[in-house]
Amino acid sequence: MKFTLLAVIGLILSSVPVQLAAAMTSHIHDPANLVSGNDEFIREMEGRMNALEEKAGVRMLIRYHAQEPSEAEDSEPGKFMRALSSQLGVLEKGVLAVYFADVDEWRVWIGNNRQ
């Protein structure tokens, strides 16, 4: 399941032309190496998300976490995702998908400003 959302995002972005950029931004963050071994796919996704951001102005981020948030971090619906989205700068305009490996769960934040 951990690759399911990433694969869906890949299909959505497959219509976005990939342009090579000298310095690509990091849209995918995986400090625990949960998706290691698939570097070519990750580079392709980075390129497509970079192109989407350049063309449409929508920042899309994917984060992999080994563990779900603590009860204090997630004490009410949306609290963790709202805080992380704010910290990453996509609270109002952007998309954040977070995978929690210990519970095999994806959460998605879609920015408040949908215009």
Side-chain angles (χ1 to χ4, degrees):
M1 171 137 177
K2 67 180 169 182
F3 292 109
T4 305
L5 184 60
L6 194 55
V8 169
I9 292 169
L11 290 172
I12 292 168
L13 293 176
S14 65
S15 63
V16 177
V18 176
Q19 296 176 353
L20 297 176
M24 295 177 64
T25 59
S26 180
H27 295 89
I28 301 172
H29 185 67
D30 183 19
N33 292 319
L34 298 172
V35 291
S36 63
N38 205 349
D39 294 340
E40 186 176 328
F41 182 68
I42 297 297
R43 278 192 298 276
E44 175 75 13
M45 291 299 295
E46 283 283 354
R48 292 188 184 282
M49 286 187 274
N50 191 49
L52 177 68
E53 186 172 351
E54 287 178 8
K55 292 189 183 305
V58 175
R59 184 146 176 84
M60 180 182 288
L61 303 173
I62 300 174
R63 298 294 184 258
Y64 289 91
H65 290 236
Q67 297 180 347
E68 68 180 327
S70 69
E71 194 171 308
E73 293 173 303
D74 205 28
S75 60
E76 60 186 60
K79 181 178 178 181
F80 176 81
M81 292 298 287
R82 187 179 321 106
L84 186 57
S85 295
S86 178
Q87 176 186 355
L88 296 172
V90 294
L91 179 67
E92 293 301 321
K93 186 175 183 182
V95 177
L96 172 63
V98 181
Y99 176 74
F100 301 100
D102 62 334
V103 291
D104 191 26
E105 176 182 285
W106 282 97
R107 294 187 193 177
V108 177
W109 176 270
I110 299 172
N112 293 325
N113 183 359
R114 293 179 182 90
Q115 295 179 342

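On a predicted model such as this, the values are computed, not experimentally measured, just so you know. We number each residue from 1, following the sequence as shown.
A distance of 5.0 Å separates CE of Met45 from CD1 of Ile62, quoted to the nearest 0.5 Å. From Asn112, atom CG reaches atom NZ of Lys93 across 13.5 Å, with rounding to the nearest 0.5 Å. The distance from atom OH of Tyr99 to atom NE2 of His65, rounded to the nearest 0.5 Å, is 12.5 Å. In this structure, CZ on Arg43 lies 11.0 Å from CD1 on Ile28, to the nearest 0.5 angstrom.
Contact annotation: the side chain of Leu52 never approaches that of His27 to less than 4.5 Å [non-hydrogen atoms, C-beta and beyond]. The shortest side-chain heavy-atom distance between Arg59 and Leu88 does not fall under the 4.5 Å cut-off. Between Leu91 and Trp109, some side-chain heavy-atom pair lies under the 4.5 Å cut-off.
When all heavy atoms of Ser26 and Leu61 are compared, the pair lying nearest together is O-CD2, 4.2 Å. Across every non-hydrogen atom of Val58 and Gly94, the tightest pair is CG1-CA, 4.3 Å. When every heavy atom of Ala66 is checked against every heavy atom of Leu34, the shortest pair comes out as N-CD1, 4.0 Å. Closest approach of Pro69 to Arg107, counting heavy atoms only: CG-NH1, 3.9 Å.
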For residues 79-87, please give each side-chain donor-acceptor pair under 3.5 Å, one per line with the distance, not counting sequence neighbours.
{"unit_1": "Lys79", "atom_1": "NZ", "unit_2": "Ala72", "atom_2": "O", "d": "3.1"}
{"unit_1": "Lys79", "atom_1": "NZ", "unit_2": "Ser75", "atom_2": "OG", "d": "3.3"}
{"unit_1": "Ser85", "atom_1": "OG", "unit_2": "Met81", "atom_2": "O", "d": "2.7"}

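Tyr64 and Trp106 have perpendicular rings, their planes meeting at more than 60° on a 0 to 90° scale where under 30° would count as parallel.
Partners of Glu68 according to the side chain to side chain donor-acceptor pair (under 3.5 Å) rule, which considers only residues two or more places apart in sequence or in another chain, do not exist here.
Residues Asn50 and Glu46 have side chains that never bring a donor and an acceptor to within less than 3.5 angstrom of each other.
Counting non-hydrogen atoms of neighbouring residues, nucleotides and ligands closer than 6.0 angstrom, the CD atom of Glu40 reaches no more than 12 such neighbours.
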